[in-house]
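Quantities reported herein were computed from a predicted structural model and do not represent experimental measurements. The sequence lines fix the lettering, A, B, ..., with proteins before strands; numbering per chain opens at 1. Scope of the values below: all heavy atoms of this structure, side chains included, with no hydrogens, waters or symmetry mates.
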Amino acid sequence: MIDKNYAPQEIENKWYAFWMENKLFASKPNPNKEPYSIVIPPPNVTGVLHMGHMLNNTIQDVLIRKARMEGKEACWVPGTDHASIATEAKVVAMLKEKGIEKKDISREEFLSHAFEWKEKYGGIILEQLKKLGASCDWDRTRFTMEPKLYQAVIDTFVRLYNKGLIYRGVRMVNWDPQGKTALSDEEVIYKDVQAKLFHIQYPLSDGSGSVTIATTRPETIMADSAICVNPADERYLHLHGKKVKIPLIDREISIIPDEYVSLEFGTGCLKVTPAHDLNDYELGLKHKLPVIDILNDDGTLNEKAQIYVGVDRFEARKRIVKELNEKGFLVQTEEYKSTVGTSERTGAVIEPKLSLQWFLKMEDLAKPALENVMNDNIQLVPAKFKNTYRSWMENVRDWCISRQLWWGQQIPAFYLQDGTVIVASDKKEALKIAREKYQLFALVEDDLTQDPDVLDTWFSSWLWPISVFDGIENPENEEISYYYPTNDLVTGPDILFFWVARMIMAGYEWRGELPFRNVYLTGIVRDKLGRKMSKSLGNSPDPLDLIEQFGADGVRSGLLFSAPAGNDLLFDEKLCEQGRNFSNKIWNAFRLVKGLQIEEGNNLPEHTLAIEWFQSKFNQTLVEIQDHFSKFRISDAILAIYNLIWDDFCGKYLEIIKPAYQSPIRKETLEATLNIFDQLMRLLHPYMPFITEEIWQNMEERKAGESICRAEFPKGGPSNTGLLSQFEQLFEIISKVREIRNTKQLSPKLALALYIKTSNASQYAAIEPILIKLANLENVQFTDNVVSDAQTFVVKADQFFVPLELNQDPAEVKAEAEKELGYLEGFKKSVEAKLANERFVQNAKADLVERERQKLADAVNKIKSLKEILEKLA
RNA sequence: GGUCUAAUAGCUCAGCUGGUUCAGAGCACCUGCCUUACAAGCAGGGGGUCCUAGGUUCGAAUCCUAGUUGGACCA
């Protein structure tokens, strides 16, 4: 006997191994099939699976499995990205533990350590995805630092440089003093902090008094180039043209007027520090102020600061405040709410810093990327993100693509000794250009120095949909021609700009075409309290533990039950439990069917009817599901299947055809039931791949290597609406009888008698056996008169009576019937009013008016029946 | 501060082009059942000022305006 509790662990491992052995997820271009491709958002090599990945990859797997079953050439390309800052930080930390400092080893040595690290830990997340059931074509696994993709990035750089889109320039960039690298604007996260606003007095050089400025960063006073006041500020008119001395270091600076300064904020006097503030930098450019950079790359003060040299910026702040206070320069300290930028990767407070970096011009690239999203050539799901996308793309700024790291693609820029830059795919090529272009025939490779910096990780991931098919290096190859553009991209809205927008740009730049047609943006997985799941809060369950506990199918369905596109999902283990229970329900339905004994023969007539009914129900639901799917309502789709299986198939259909204990079932009925089961498993397979495979394999003997993964997705067919409504009515009668049993506290085992007063008794002939079975009736009889001493109810226009020997208060019974009558009469009145309204009849659609008329007719019939019953009571 | 988005049952959310078969689902809750597939189950039940105030309309949970309160993104 099969265990009555479904145990997923062993079954899931077994089938994943089977799928891999039989290469069921492998794909290659097939001109006879329609291609369907997805590229995975490559997780960081440093990453481990978290709930966001689970959701995201489950959705991708649903899409790809369904496409595969629909006969498309489905290809899901997996891979990882090298995550330059995060990985470099991990490798540096690992080396430190071994007693090795990065500065003591060569770039080559460092990289070999990094690759070693990647080999060891970089594949973990992909292995975890297999536990989830992800049907990626694993033979295609790519990595952004592998040679081919590396080369694609280099070539991209060279080409964009030659096109004039990449330039090198001194700019104020976001400096991460911990990662010791520049960051792009998008890698900065602004956080609200409670800061202090220090009011500091600067003495006038002529000794005629002082001015007071307000700043949150007193440690930068040594970098001040000027004091600025608004020319319209009457308080400070007398100061124009005067000079002040910076406290502690006594350096003299001028007071300059500029409208930029707000009259209201602080004291109305602004210290201008061009080296350490973006706005001040621009002000400095305007007034030709000197730029004094007092910070080292690691955030400590340098000798230009004159004091506290070598001290960290935050420590220096404390000490300077103390000293200013002691020496009487600190006038006042005010609490102040402000925001600081922090590094997305290291969390360090960003330092605005002037430096020489490489930039990519975005204006031309952004144009088609904006246009084709706004006109829905590329569809964002949900569409509300179009707004955000637009505002970003319309205000796009040049992209700082250089990073002061070693782990990444090294910028292919080579410098001659005089500083001349030559951009070429390698040193040899650069030398060739140097010789030809600059006539430097004596030059050798050693005279060229390559730029030590690497490229931003996103500068390789933006090529991902193209580069995984080798479409940069070899733009005409069979793979890219077949699979590109990819179909759907599934990712989080948090990287809509970082990644999605840039892939779109790259798509148009390289292929003149969109990289994918639909972008499905998932919500953020939050905990029950609505907090974002994070390592630091420790509120994220370990996905592998969840899979262990509920099975991958349970976790997948649990996530999908509550995952509408773009809306955050408040994750609760309860959902996985519900998923597990669903698995168990299916498992037990299968146990029932599998355990039946067979007797030769055709269907019983009521079984034939039930089979027809279920097929209609199935077809009707399939239409709904396909509709949900076309709109990416994955959550609604799985709920529809859940209800179809649990309520309609298990709760109703199986109850109808189930023979009495130890009685056999007709062969024809069993075959039909197995066929239905098979269809249901195919329908459910994309969501719950493991249990559906297990059952499908056990339904009948399968050929070697055959799998539900490649079985045909149900196509559906017509549904008999008359039959559907007949069964609706049937189930309503059954419910009413059960309700009587329940409210009157009767045993479920007690068979009841049912009398029906109807003008059309023949309609009940076919369904009578079902009614008797599911409502547990001893018989069904027809009557022309109202039955007294009975519980009654009305369905459509027919009256039903369940005779019971109960001592009930007739007044109570009457009151109940009157209450229902009252409601119905109110209802009738409102429909009548509506139909009497000429403007309604004129303006509303014809079928709507017809439906209202039908409602009215139904209500009239029902009222008539109720009145009959009431008369009898009186 | 700017832009966007949301508010429906105790909780999480559906509700699509306005139409009382449209006020719904799941969970939670209450009652009764260990009925030979399933107690991870079965049967039944209660529960809502559809955020507030106006407006459009024959008709508003749905459209418009304002407000309140969340959330996201940007600065």
Donor-acceptor contacts, no H, no angles, side chain residues 493-500 of chain A, under 3.5 Å, sequence neighbours left out:
from	atom 1	to	atom 2	distance (Å)
Trp499(A)	NE1	Ser461(A)	O	2.9

Within the 4.0 Å heavy-atom criterion, would you say Ser735(A) contacts the bases, only the backbone, or no part of the nucleic acid? sugar-phosphate
So for Glu655(A) and A43(B), does any side-chain atom that can act as donor or acceptor lie under 3.5 Å from a complementary atom in the base? no
Return yes if the base of C4(B) and the side-chain atoms of Lys384(A) contain a donor-acceptor N/O pair under 3.5 Å, otherwise no. no
Counting primed atoms plus P, OP1 and OP2 as sugar-phosphate and everything else as base, spell out the protein contacts along nucleotides 70-75 of chain B at 4.0 Å heavy-atom distance: B, S or - for each nucleotide, 5' to 3'. --SS-S
Sticking with atom C1', work out how far A7(B) lies from G44(B), rounded to a whole angstrom. 33 Å
P-based separation of G55(B) from U12(B) [nearest Å]: 33 Å
Report yes if the side chains of Leu644(A) and Phe614(A) come closer than 4.5 Å at any heavy-atom pair, otherwise no. yes
Would you say A37(B) has OP1 or OP2 under 4.0 Å from some side-chain N or O of Lys658(A)? yes
Checking contacts here: which listed nucleotide ([options]) is nearest the side-chain heavy atoms of [X]?
X: Pro748(A); options: A40(B), C33(B), A37(B); value: C33(B)
X: Asn5(A); options: C33(B), A40(B), C38(B); value: A40(B)
X: Trp646(A); options: G44(B), G41(B), A37(B); value: G41(B)

May I have all residue pairs that pass salt bridge (charged side-chain N to carboxylate O under 4.0 Å, His left out) and include part of residues 723-741 of chain A, sequence neighbours excluded? none
Step through the shown structure and confirm whether more than 12 heavy atoms of other residues, nucleotides or ligands are within 6.0 Å of CD on Glu10(A). no
Tell me whether Glu394(A) at atom CD has more than 12 heavy atoms from other residues, nucleotides or ligands lying less than 6.0 Å away. yes
